[in-house]
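Just follow the structure's listing: the first ligand is 1, and inside any ligand the first atom is 1.
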Amino acid sequence: MKHIRNFCIIAHIDHGKSTLADRLLDATESVTEREKQSQLLDSMDLERERGITIKSHAVQMVHHHEGQEYVFNLIDTPGHVDFSYEVSRSIAACEGALLIVDAAQSIQAQTISNLYLALENDLEIIPVLNKVDLPSANPEEVTDDIVDLLGCDREDVIPASAKTGLGIQEILEAIVKRVPSPKGDPDAPLRALIFDSVYNPFRGVETYFRVFDGSIKKNQKIKFVATDNQYSADEIGTLKLIQIPKKEISAGDVGYVITGIKEAREVKVGDTITDAETPTQNAVSGFEDVKPMVFAGIYPVDTEDYEELRASMEKLQLNDASLVFQPESSAALGFGFRCGFLGMLHLEIIQERLEREFDMTVITTVPNVSYLAYTLKDPNEALPVSNPSDLPDPSVIDRVEEPYIKASIITKADYVGPVMSLCIEKRGEITNQIYLTEDRVELSFDMPLAEIVFDFYDRLKTVSKGYASFDYSPIGMRTSKLVKVDVLLNGNKVDALSALLHADNAYDIGKKMCIKLKELIPRQQFDIPIQAAIGAKIISRETVKALRKDVTAKCYGGDISRKRKLLEKQKKGKKKMRAVGNVEIPQEAFMAVLKLN
Ligand code: GTP
């Protein structure tokens, strides 16, 4: 154990975590040329394109220092708030963290929130000032910021460039010298923390763990504490980009186990692995069953594809335990699924994966958070409302509660005004304002989660000209004035366009929805009235004027093949539409409420 070092990398998105990890692997010669890719730790295609580490992994390196061999376990952490619980479990598996700060961008919200998690877990923090090679780098000022934040000495901050290789040797040395070796009792009953799992279609779920006490042996009968399921540890091993099977993994070390589990759901991040016969009395603390935060309906564009969509969703769920769904039906869209996601990014990822990996074209309905409704009849019983159609009639509602978050925003002093106005507009209440440095301010707000789901990120970026970073954590439910706004097209209510909104915003948003739908719905042979309503009360109205859209008109009777092409194109375009009653609604319309301005 003396020569093991377990650490993670904390960084804001794009500050260079993957590039630096890559450098460390190079420097310890952990990777052969053949295995080398530009960004080693991000293995999913989608991940690489988005530049976001969606799923955390672990990798082992061997580093030689003063004639001694050290085993380094680098535990990767996802870099987005949607996945913050996974970050917290990865951090709990480590003794140290490299805190990477971009020398041009300085400290951002994500850096701070993950740093707090690391400090709560008593991790040794090694600050690294990355990208000092950039002409726009401000090494002196940013070092000041880091010293202010951590209360460390300037000498503790390691100037580095993951691009040129500067500082890499210093970082390796600091890991040996500053990160404490793991502690634990190798003779106690097995006690290991699950910090991640990866679905492998051939081998079943690979569970990644960190052993705190005891050891895990090949073929041992093991138990997962939270789920109380028992398995045989068919294969165990350590991770060096490829898996290296082992006979035993002992206290302090990190590895994987394969038990034949076929569903990601059975393995819960944060759970404890122990021996089935002599279980530990002391499971690793901090386990939580992660709950979806954002809900939306997903429907096949073509109703005939429902079964195929179900099969695709089931496959996705095998490898993404945080995705939940159940069948629902909509008068407008037919059969589909109500799905729960960790956040908006997670929703986008699922939608994209359905399209890319399963070749499905889907309609996603307006996302909403999950509310609790209490009726006059039984004011103590909470009814969860994660679908507009679940909201009881207003006449029987006693009260509704909605989820709140604590939001932390770091921005430049110049933008404090506009950022505050935006947060207040989004029903936020300011709770704190700290000047981190002369020019950098951290603002804290209590805000309804629902307000983040709608256009918040985009607006924040705009009002701060990009100089604001944002992070949040849930703080519980609060009473809210919630109403259901319905949309009627040609007099027919389209349930898939209904939205749950705060009463204060309902008129304004209802009006904007009508205007937006007017832009999106193509003209047809008859007038199409678009109305927004709360209950029986119409709050807004627009009309799509009748017009036969003659796409061939532009061709001046000329080239026939060109005419045909245009008609083909129109047909194809139609496929992305959904006919509701006698009105054709394009796919984008169902998400239009998210893009109102
Ligand atoms: P996420 O995975 O999105 O969290 O990003 P990350 O923190 O892993 O950042 P990544 O390593 O992908 O780097 C982001 C960008 O910065 C890439 O374009 C890198 O090539 C670049 N970059 C990383 N380190 C350095 C550096 O030291 N100097 C310079 N000039 N660019 C760097």
Should T164 and D133 be marked as a side-chain hydrogen bond (donor to acceptor under 3.5 Å, both in side chains) after you check the CA-CA gap, both sets of side-chain angles, and the distance that decides it?
CA-CA 8 Å; T164 66; D133 62 290; 5.4 Å; no

Would you check whether A162 has a nitrogen or oxygen atom less than 3.5 angstrom from a nitrogen or oxygen atom of ligand 1?
yes

May I ask you to check whether V132 has an N/O atom sitting below 3.5 Å from an N/O atom of ligand 1?
no

Taking only heavy atoms of [X] into account, list the atoms of ligand 1 that are under 4.0 Å away from them.
{"X": "H12", "answer": "7 (O)"}
{"X": "S18", "answer": "2 (O), 6 (P), 8 (O), 11 (O)"}
{"X": "L134", "answer": "30 (N)"}
{"X": "S161", "answer": "26 (C), 27 (O), 28 (N)"}

Quick one: does S90's side chain get under 4.5 Å of C8's, heavy atoms only?
no

Applying a heavy-atom cut-off of 4.0 Å, say which part of H15 lies close to ligand 1: side chain, backbone, both or neither.
backbone

Determine whether the side chain, the backbone, both or neither of D133 has a heavy atom under 4.0 Å from any heavy atom of ligand 1.
side chain

Going by ring pair (Phe, Tyr, Trp, His ring centres under 6.0 Å), name the residues that satisfy it together with F224, two or more places apart in sequence or in a different chain.
Y231

Among T77, T19, L166, which one puts a heavy atom closest to atom 20 (O) of ligand 1?
T19

On the 0 to 90° scale, with breaks at 30° and 60°, tag the F7-F72 ring pair as parallel, tilted or perpendicular.
perpendicular

Parallel, tilted or perpendicular for F456 and F470, by the 30°/60° rule?
tilted

Does N432 use its side chain to pair, donor to acceptor, with the backbone of S444 at less than 3.5 Å?
no

Using distance alone, with no hydrogens and no angle criterion, decide if D439 and T437 have a side-chain donor and acceptor under 3.5 Å apart.
no

